[in-house]
Amino acid sequence: TERCQGTVRDISGPTVLVLHVKRTGWVLSNVNEPETISGHMYRMAIISFLLDENDNVNRDRVMKISLVHDMAESVVGDLTPLCGVSEEDKHTREVAAMEHFITLVGEKAGNEMFNLFMEYEDQKTPEAKLVKDLDRFDMILQAFEYETSQNRIGTLEEFFKSTEGKFTHPKVKQWVEELYEQRKQTLGELTESS
């Protein structure tokens with residue numbers, strides 16, 4: 001029990017941080033009450049429940065990758081291209097953070113989290129590529145939700161533009177098309193009522 005208690009106590013710091021760290025893009029865009037890193041990862045995992053056998057991926061693996069893909073940000077922060085950190089430096093920092101988690105939670109859980117993170121980073125498996133699509137989809141879905149709930153339709157266009165042509169999985173592409181159609185209708189309705 002001592003080892004178990006130490007593991008829970010040791011991991012609580014980084015997991016508490018990931019619960020509270022706000023996503024940088026939303027903060028820089030002056031979004032009210034922006035989502036946290038953990039909220040983003042959790043919603044991606046929940047969205048993956050919508051996958052089925054026709055999607056040709058291991059759904060449980062997609063969920064696990066979704067839940068760890070941004071965990072390193074609890075240590076290094078949510079680094080965006082606007083932060084002035086190169087992709088290589090960001091990757092190095094995040095790998096070091098994930099390696100540190102191994103010392104916090106032990107070899108078994110730590111190595112699994114690290115390997116899932118590296119699978120995402122390497123983008124070689126269908127599951128990792130799908131999680132990348134979910135990452136981008138969640139971002140534009142969140143942008144649309146902010147635009148509608150905060151009465152700022154069209155003001156987060158940069159998030160939509162940054163993902164154009166980058167989706168690869170057929171199901172996610174379908175969701176993106178549906179979201180774009182919904183956004184187009186919402187923009188049209190607001191233009192007509194102005």
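In what follows, every heavy atom counts, from backbone to side chain, and hydrogens, waters and symmetry copies are set aside.
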Take a 6.0 Å sphere around CD of E33 and say whether it holds more than 12 heavy atoms from other residues, nucleotides or ligands.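 Not buried by this count: 12 neighbours or fewer within 6.0 Å.
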
In Å and rounded to the nearest 0.5 Å, what is the [atom1] to [atom2] distance from [X] to [Y]?
{"X": "E158", "Y": "L28", "atom1": "CD", "atom2": "CG", "result": "9.0 Å"}
{"X": "I46", "Y": "L134", "atom1": "CD1", "atom2": "CG", "result": "12.0 Å"}
{"X": "S48", "Y": "N58", "atom1": "OG", "atom2": "CG", "result": "10.5 Å"}
{"X": "K184", "Y": "E181", "atom1": "NZ", "atom2": "CD", "result": "5.5 Å"}

Any link between [X] and [Y] through a network of hydrophobic side chains (Ile, Leu, Val, Met, Phe, Trp, Tyr) touching at under 4.5 Å?
{"X": "I47", "Y": "I37", "result": "yes"}
{"X": "V95", "Y": "F101", "result": "yes"}
{"X": "L67", "Y": "I102", "result": "no"}

Using every non-hydrogen atom in the two residues, find where [X] and [Y] come nearest and quote the distance to one decimal.
{"X": "F159", "Y": "A143", "answer": "CB-CB, 4.2 Å"}
{"X": "A72", "Y": "A97", "answer": "CB-CB, 3.8 Å"}
{"X": "M41", "Y": "D70", "answer": "SD-N, 3.4 Å"}
{"X": "F117", "Y": "V68", "answer": "N-CG2, 3.9 Å"}

[X]: partners by ring-ring contact (aromatic ring centres under 6.0 Å, His included), with sequence neighbours left out:
{"X": "H69", "value": "H40, Y120"}
{"X": "F114", "value": "none"}
{"X": "F167", "value": "none"}
{"X": "Y42", "value": "none"}

Could you tell me if the side chain of [Y] sits less than 4.5 Å from the side chain of [X], heavy atoms only?
{"X": "M71", "Y": "M98", "answer": "yes"}
{"X": "E147", "Y": "F160", "answer": "yes"}
{"X": "L156", "Y": "S29", "answer": "yes"}
{"X": "R61", "Y": "L116", "answer": "yes"}
{"X": "I140", "Y": "R183", "answer": "no"}
{"X": "I65", "Y": "M44", "answer": "no"}
{"X": "M139", "Y": "S162", "answer": "yes"}
{"X": "E127", "Y": "K64", "answer": "no"}

Under the side chain to side chain donor-acceptor pair (under 3.5 Å) test, which residues partner [X], sequence neighbours left out?
{"X": "T163", "result": "none"}
{"X": "N111", "result": "E107"}
{"X": "Q182", "result": "none"}
{"X": "E99", "result": "none"}

Who passes side-chain contact (heavy atoms from CB on, under 4.5 Å) against [X], sequence neighbours left out?
{"X": "T148", "answer": "F144, I153, T186"}
{"X": "R59", "answer": "F49, L51, M63"}
{"X": "E177", "answer": "none"}
{"X": "K22", "answer": "V27, P34, T36"}

Flag this pair as yes if the NZ/CZ of R152 is under 6.0 angstrom from the six-membered ring centre of Y146 and inside a 45 degree cone about the axis; otherwise no.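 No, a cation-pi geometry is absent between R152 and Y146.
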
Do [X] side-chain atoms and [Y] backbone N/O form a donor-acceptor pair below 3.5 Å?
{"X": "D55", "Y": "D52", "value": "yes"}
{"X": "Q123", "Y": "A128", "value": "yes"}
{"X": "Q150", "Y": "N32", "value": "yes"}

Where do R93 and D89 land on the salt bridge (Lys or Arg N to Asp or Glu O under 4.0 Å) test, with the steps shown first? CA-CA 6 Å; R93 291 180 191 188; D89 190 28; 2.9 Å; yes

Do Q142 and R43 get their side chains close enough for a donor-acceptor pair, meaning under 3.5 Å?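 On atom types as modelled, these side chains qualify, holding a pair under 3.5 Å.
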
Pair K173, D133 - check salt bridge (Lys or Arg N to Asp or Glu O under 4.0 Å), show working. CA-CA 9 Å; K173 282 181 167 183; D133 271 3; over 6 Å; no

Quick check: Y180 with W175 (ring centres under 6.0 Å apart)?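 For W175 and Y180, the ring centres are not under 6.0 Å apart.
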
Step by step, would you call V176 with K171 a side-chain contact (heavy atoms from CB on, under 4.5 Å)? CA-CA 9 Å; V176 170; K171 182 169 271 181; over 6 Å; no

